[in-house]
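Source: prediction; values computed, not measured.
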Amino acid sequence: MHDARLLLELGDEAVRRLRRRGYELDLAGLEAMSSRRASAIGTVDELRAESKRAAAEVGKAAKAGASSADVAPDLTALKERARELKERIREAEEEVEAAEAALRDLLLVIPNLPSDDAPDGDSEDDAVEVRRVGEPPAFGFTPRDHVELGEAMGILDFGRAAKLSGARFSLARGPGAALERAIATFFLALHTGRHGYTEFSPPYLVSGQTMTGTGQLPKFEEDLFRTGTGDRGLYLIPTAEVPLTALHADEILPAETLPRAYTSWTPCFRSEAGSYGRDTRGILRLHQFSKVELVRICAAEESPRELEVMLGHAEACLQELGLAYRVIRLAAGDMGFNAQLTYDIEVWLPGQDTYREISSCSDCGTFQARRSGIRSKDAHGGRGQVATLNGSGLPIGRSMAAILEQCQSEDGSVTLPEVLAPYAGFRRILADGTTE
RNA sequence: GGAGGAUUGGCCGAGCGGCCUAAGGCGCACGAUUGGAAAUCGUGUUGGGGCAACACCCCUCACGGGUUCGAAUCCCGUAUCCUCCGCCA
């Protein structure tokens, strides 16, 4: 959420930057709502001050009345005046409430300002490639995709997943399930051990308030799974970013404890409304998948640097696995609601003969922190704004797909990256699903 | 699900319907003292908002209502935590 005052200070600059992501800011409307709120608050404050004075007078008069009986009529008049004031305060408060609600409703749907580093455009075609790392493997045969490989080996079973839950679910079996666990554990060990992240095991069901704080609500309700009993409604997290970022909602963090680096391996639930027909094959786009997430909270001015650091941590996953990938910078109009700058990492998928998204690392600046009330305080009591960043480090399913496809042999076996063997307990999955 | 108890500032902890502009302590910051430190002394220290303003004003004692001229204090509701019972992986 934006600070109305900062947005107004930026003025036409804000309009220009938001236009880059296809949002038309009504500056005049914002200005009007903002000053309506300010004047309403001013009115209430004045009336309250007067009311406090009136109450004090009544108190004094009452005390005086205890010693002389003839002040009683005076006292009644004073009380009457105080009562009238209260009436007027009530009316003025209604106006404040209405003005604040109107302003907040507007602010909540304005997306973050894109950084000037984000290229122009509004589609994935407008992204700019930053670098390519690793060589896509050259096969002397036609590489199979992960669905073909996984089903042939009997480690992925889409038919039974559909029987259980319908479309867009997957089921891993035997070495497939072990491989998922191995990948996740490997990523966690890398981030907690080498990159200095603190691991969390958070709730997967969170309140609407938490979803609002991280910006999923009110705009993206249709993307979420909702559950509840009685009148209690909870949402299934679409990513661990939600609980990890909201952890410190309404808290003031000591500046010297920044940056905070958090990681968590959780299931993620997404309705994928609006993606009908896209990526219907395999484990690339599911209603439920698991992911190791990275979240960083830092001083506001550090966020561009922190983004590069976090991107490096996500890239390290692929480098360690020896997988070919590239990094792109998303166009202003193609970024998520909260982001001011986003890098995507795309891994090479031989089965599709293309690079596909495997990680999205975003700098949300102060946008998300303001919305959820995360602040900082230095040793001298000075208050500071904090920035939040989040990135996948990495999703398990897509990582597994990339491993199966990039590490396959002509005989239908898959040789795991060296680093995974200790976690998986085997180094190869043969065509018949046995391991060695 | 049932019965009781609790919720006060960064932390602990007092608090009679008006002098709560919240005692006291701890912690922290700054200063004095010191060769330097400890100890000691002094000062400051909840967080928001209105405003050009560190002036002034308003709000904030879990949250939301109510009673009252006036609520941390009384009443109602909600949330969370604790204890016990029930159920349960």
Enquirer: Strictly below 4.0 Å: does A/K52 bring a side-chain N or O up to OP1 or OP2 of B/C59?
Expert: yes
Enquirer: In whole angstroms, how far is the P atom of B/G70 from the CG atom of A/L47?
Expert: 14 Å
Enquirer: What is the base-pairing partner of B/C26, counting Watson-Crick and G-U wobble geometry with both distances under 3.5 Å?
Expert: B/G10
Enquirer: Can you tell which of A/Y262, A/W265, A/Y197 makes a ring-ring contact (aromatic ring centres under 6.0 Å, His included) with A/H191?
Expert: A/Y197
Enquirer: Between A/E80 and A/A55, which residue's closest nucleotide on RNA chain B lies nearer the 5′ terminus?
Expert: A/A55
Enquirer: Please give the distance between the C1' atoms of B/A71 and B/A22 as a whole number of Å.
Expert: 14 Å
Enquirer: Would you say A/R5 reaches B/G50's phosphate, i.e. side-chain N/O to OP1/OP2 under 4.0 Å?
Expert: yes
Enquirer: Looking only at side-chain atoms of A/A49, point me to the closest of B/G70, B/C57, B/G50.
Expert: B/C57
Enquirer: If you measure from the P atom in B/C16 to the same atom in B/C75, how many Å do you get, rounded?
Expert: 14 Å
Enquirer: What does A/A38 touch in the nucleic acid at a heavy-atom separation under 4.0 angstrom: a base, only the sugar-phosphate, or nothing?
Expert: sugar-phosphate
Enquirer: Looking at the side chain of A/D45, which of B/G48, B/C51, B/G49 is the nearest nucleotide?
Expert: B/G49
Enquirer: Considering only the C1' atoms, how many Å lie between B/A62 and B/U80, rounded to the nearest integer?
Expert: 8 Å
Enquirer: Would you name the heavy atoms of A/E293 and A/S392 that are closest together and state the gap between them?
Expert: OE1-CA, 3.7 Å
Enquirer: Counting Watson-Crick and G-U wobble pairs only, both distances under 3.5 Å, name the nucleotide matched with B/A37, or none.
Expert: none
Enquirer: For the residue pair A/S360 / A/D344, report whether a side-chain donor-acceptor contact shorter than 3.5 Å exists.
Expert: yes
Enquirer: Identify the nucleotide, in any strand shown, that forms a Watson-Crick or G-U wobble pair with B/U21, with both distances under 3.5 Å; if there is none, say none.
Expert: none
Enquirer: Sticking with atom P, work out how far B/A72 lies from B/U67, rounded to a whole angstrom.
Expert: 16 Å
Enquirer: Give the rounded distance in Å between these two atoms: CD of A/E93 and C1' of B/G64.
Expert: 14 Å
Enquirer: For B/G64, which nucleotide is its Watson-Crick or G-U wobble mate, given both distances must be under 3.5 Å?
Expert: B/C76
Enquirer: Does B/A71 pair with anything, Watson-Crick or G-U wobble, both distances under 3.5 Å, and if so, with which nucleotide?
Expert: none
Enquirer: Work out how far the P atom of B/G35 is from that of B/G47, and round it to whole angstrom.
Expert: 37 Å
Enquirer: For B/G50, does OP1 or OP2 lie under 4.0 Å from any side-chain N or O of A/R37?
Expert: yes
Enquirer: To the nearest Å, give me how far apart CD (A/E97) and P (B/G49) are.
Expert: 18 Å
Enquirer: Using the side-chain heavy atoms of A/R48, tell me which of these nucleotides is nearest: B/C58, B/C51, B/G70.
Expert: B/C58
Enquirer: I need the CD1-C1' distance between A/I41 and B/C57, as an integer number of Å.
Expert: 13 Å
Enquirer: OP1, OP2 of B/G66 versus side-chain N and O of A/R90: anything below 4.0 Å?
Expert: yes
Enquirer: Roughly how many Å is it from CZ in A/R53 to P in B/U21, rounded to a whole number?
Expert: 15 Å
Enquirer: Does B/A3 have a Watson-Crick or wobble mate here (both distances under 3.5 Å), and if so which one?
Expert: B/U83
Enquirer: Return whichever of A/S39 or A/A56 has its heavy-atom-nearest nucleotide of RNA chain B closer to the 5' end.
Expert: A/A56
Enquirer: Which heavy atom of A/L430 sits nearest to which heavy atom of A/E436, and what is that distance?
Expert: CD1-OE1, 3.8 Å
Enquirer: How close do A/F367 and A/I110 get, heavy atom to heavy atom, and via which atoms?
Expert: CZ-O, 3.3 Å
Enquirer: What distance, rounded to whole Å, do you find between the two C1' atoms, one in B/C56 and one in B/G70?
Expert: 23 Å
Enquirer: Any strand counts, and the cut-off is 3.5 Å on both contacts for Watson-Crick or G-U wobble. Which nucleotide pairs with B/C54?
Expert: none
Enquirer: Rounding to the closest angstrom, what is the interatomic distance between B/C12 and B/A6 at atom C1'?
Expert: 16 Å
Enquirer: At their closest point, which heavy atom of A/C317 faces which heavy atom of A/F187, and how far apart are they?
Expert: CB-CE2, 3.5 Å
Enquirer: Would you mind classifying the nucleic acid contact of A/A82 as base, sugar-phosphate or nothing, using non-hydrogen atoms under 4.0 angstrom?
Expert: sugar-phosphate
Enquirer: For A/I374 and B/G47, what is the distance between atoms CD1 and P respectively, to the nearest whole Å?
Expert: 18 Å
Enquirer: Output the rounded distance in Å from NZ (A/K86) to P (B/G65).
Expert: 13 Å
Enquirer: Quick check, are the ring centers of A/F269 and A/Y204 under 6.0 angstrom apart?
Expert: no
Enquirer: What integer number of Å spans the C1' atoms of B/G66 and B/C28?
Expert: 40 Å
Enquirer: Report the distance from atom CZ of A/R36 to atom P of B/G49, rounded to the nearest whole Å.
Expert: 20 Å
Enquirer: More than 12 heavy atoms of other residues, nucleotides or ligands under 6.0 Å from CZ of A/R88: yes or no?
Expert: no
